[in-house]
**Q** 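Here you go, one structure.
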Amino acid sequence: MSEPIIRVENVWFSYNPSIEKPVFALQEINLEVFPGDYLVVVGHNGSGKSTLAKHLNALLRPTKGDVWVNGMNTKDNRCVLPIRATVGIVFQIPDNQIVATVVEEDVAFGPANLGVPEEELRARVNWALKVVDMDAHRLRAPHLLSSGQKQRVAIAGAMALKPKVLVLDESTSMLDPAGREEVLDAVRTLNQEGTTIIAITHFMHEAVEGNRVIVMEAGRIVAEGSPREVFSRVETLRALHLDVPQVTELAYELHKRDSTFPADLLTIDEIVQEIEGRVNQKEKVGEYSWARHYTAE
Amino acid sequence: MNTRGRVIIQLNDLHHTYLSGTPLEVKALKGVTMEIYEGEVVGIIGRTGAGKSTIVQHFNGLIRNRERGRVIVDGNDMADPALDVRAIRQKVGLVFQHPEQQLFERLVGDDIAFGPKKMGLPPEVRRERVRWAMEMVGLDFESFKDRFTFSLSGGEMRKVAIAGILALQPKVLILDESTTGIDPRGRKELLDRVLNLNREHGVTLVFVSSNMEEVASIADRIYVIDDGRTVMHGTAREIFAQPEELRRYGLDVPHVSAVARRLSQDGIPMPRVPLTVAEAEEDIWKILNS
């Protein structure tokens, strides 16, 4: 296996470590993220998801433990800039990270400030806008775009810095279903092109997109695995007051009534196939028993 | 509740333009017609920028209509310059997307009592109103009334903000994306509480939401808004039976409805469009065992 691009080693974090009994927003976090991963982080409000995200590009540093990004420790001041060039974050509200008055200038803002030469800069902006499917809007004013479009501009802005890792901190929660789908499409494309994705979300059916899911609760990682492994533990997730994707919940309830029905289905396609398979099977059995009955007569 | 009572809010061909007469003018509403009956739960859905929030701000006079169309709230024409808007705002309570930002007093009890105080209610009535409102949102009166508002969690702040509106005992409660950004547990609890207000106290509920699964599970009737116009309306089951149409307006159907549709397209007849996991479970179980 390749080297992890992010390694979180026994990290504890308190926003106010100097008081007598500090409250730890992160406790004993151990996590490795490998190049090309699509890691999804779920957990309810206050479980520490965003605090963890901010550790990944040195916006916050651990009270105890270490975070290594591409071999650099986030506690090392000299590494802060290269770390932020490696890990880009897109936050919940795109308006907070859009700075320019023209879409393409906004996307160019980051790399231009890093001194990327003109020709390379143009190439990066073109590429980023194409990936998020916003090149038709490149000369428009960002504040006149829809929220989904703005969020895609924010993602393009992060992408133009060519980060190896892109962190999305609830980047779809303000969007309508179509906007959410647009952003997910863009993220999927990026992941296929090799960018490592770390996505924090409340929408459980978005968590199905990833190849790995971690569940956080009270500052700790309480469950980890593939989406199928994690979401099939419906009772555990319910105990943590988290939702499961509707399809998985449906499969789980049918499994409770008939244990031969698989409990770990994740997508609409999977459950439709399973039900159709069963209905067809039953029809065949029906014909057969009818035929036998007929012959016996 | 689904009994058709009296019409409490009526919009007829409503138009609204922001920054009218300037180069920045934006036509936000271009013909919205809807009727909301007393005691029902109505969902308003539509893509971002469709005009949903502009519509609900007409319900309590935060925006007054000066252009084409009419807004009638509880029998009052909202365009009437002599109208007592404060009386309307007591009847129609509006909770915004980040209700925790509506808090301004130091103590929880004071914040919730602010509305009743401005209504000129005597202290003992106010206290009872506050106690009732806190009970409705699930905050214990004794242990929360003297807490500092800034020391509460986000979910608790939302409850306080909603209690502050309930303390006015409105006939209509509007939640404008008020559950966005809360986790599933907080969302479910909040929804259960407001649905209870509807069932037990007959409060009319208007839900603006972009979460289709949430709207499907609670709304009696739904209006779909696109580009400032009413483009679809009907019962939740009628609306979510039309996925292609909804997708054209940037929306979608709950995954369980999509599953049922795929099954019936493939020749397995489904008795209805399921709106919740429980409904889908019941229907599919019957088919698997028929």
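Proteins get letters first, then strands, A, B, ... in listed order; numbering begins at 1 in each.
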**Q** Sort out for me which of A:P177, A:P245, A:A178 touches chain B most, counting heavy-atom pairs under 4.5 Å.
**A** A:P177

**Q** How long is the span from the CG atom in B:D252 to the CD atom in A:E181, to the nearest 0.5 Å?
**A** 8.0 Å

**Q** Of the non-hydrogen atoms in A:R257 and B:E281, which two are nearest, and what is the gap between them?
**A** NE-OE2, 2.8 Å

**Q** Are more than 12 heavy atoms from other residues, nucleotides or ligands located less than 6.0 Å from atom NZ of B:K30?
**A** yes

**Q** How many angstroms lie between atom CG of A:D176 and atom NZ of B:K52, to the nearest 0.5 angstrom?
**A** 7.0 Å

**Q** Could I get the full list of side chain to side chain donor-acceptor pair (under 3.5 Å) partners for B:E135, not counting sequence neighbours?
**A** none

**Q** Report the distance from atom CD of A:Q246 to atom OG of B:S257, rounding to the nearest 0.5 Å.
**A** 7.0 Å

**Q** If you check every heavy atom in residues 268-277 of chain A against those of chain B, which residues fall under 4.5 Å?
**A** A:I268, A:D269, A:I271, A:V272, A:I275, A:E276

**Q** Would you mind telling me which of A:L240, A:L254, A:T267 has the largest number of heavy-atom pairs within less than 4.5 Å of chain B?
**A** A:L254

**Q** Does anything in residues 221-229 of chain A get under 4.5 Å of chain B by heavy atoms, and if so which residues?
**A** none

**Q** Select one option (side chain, backbone, both, neither) describing which atoms of A:R238 are under 4.5 Å from chain B's heavy atoms.
**A** neither

**Q** Do A:R180 and B:S210 touch side chain to side chain, with heavy atoms closer than 4.5 Å?
**A** yes

**Q** Quick one: which residues of residues 282-290 of chain B reach chain A at under 4.5 angstrom, heavy atoms only?
**A** B:I284, B:W285, B:I287, B:L288, B:N289, B:S290

**Q** Just checking B:H15: does its NE2 atom have more than 12 heavy atoms from other residues, nucleotides or ligands closer to it than 6.0 angstrom?
**A** yes

**Q** What part of B:I268 lies closer than 4.5 angstrom to a heavy atom of chain A: side chain, backbone, both or neither?
**A** side chain

**Q** In Å, rounded to the nearest 0.5 Å, how long is the span from NE2 of A:H205 to CD of B:E213?
**A** 6.0 Å

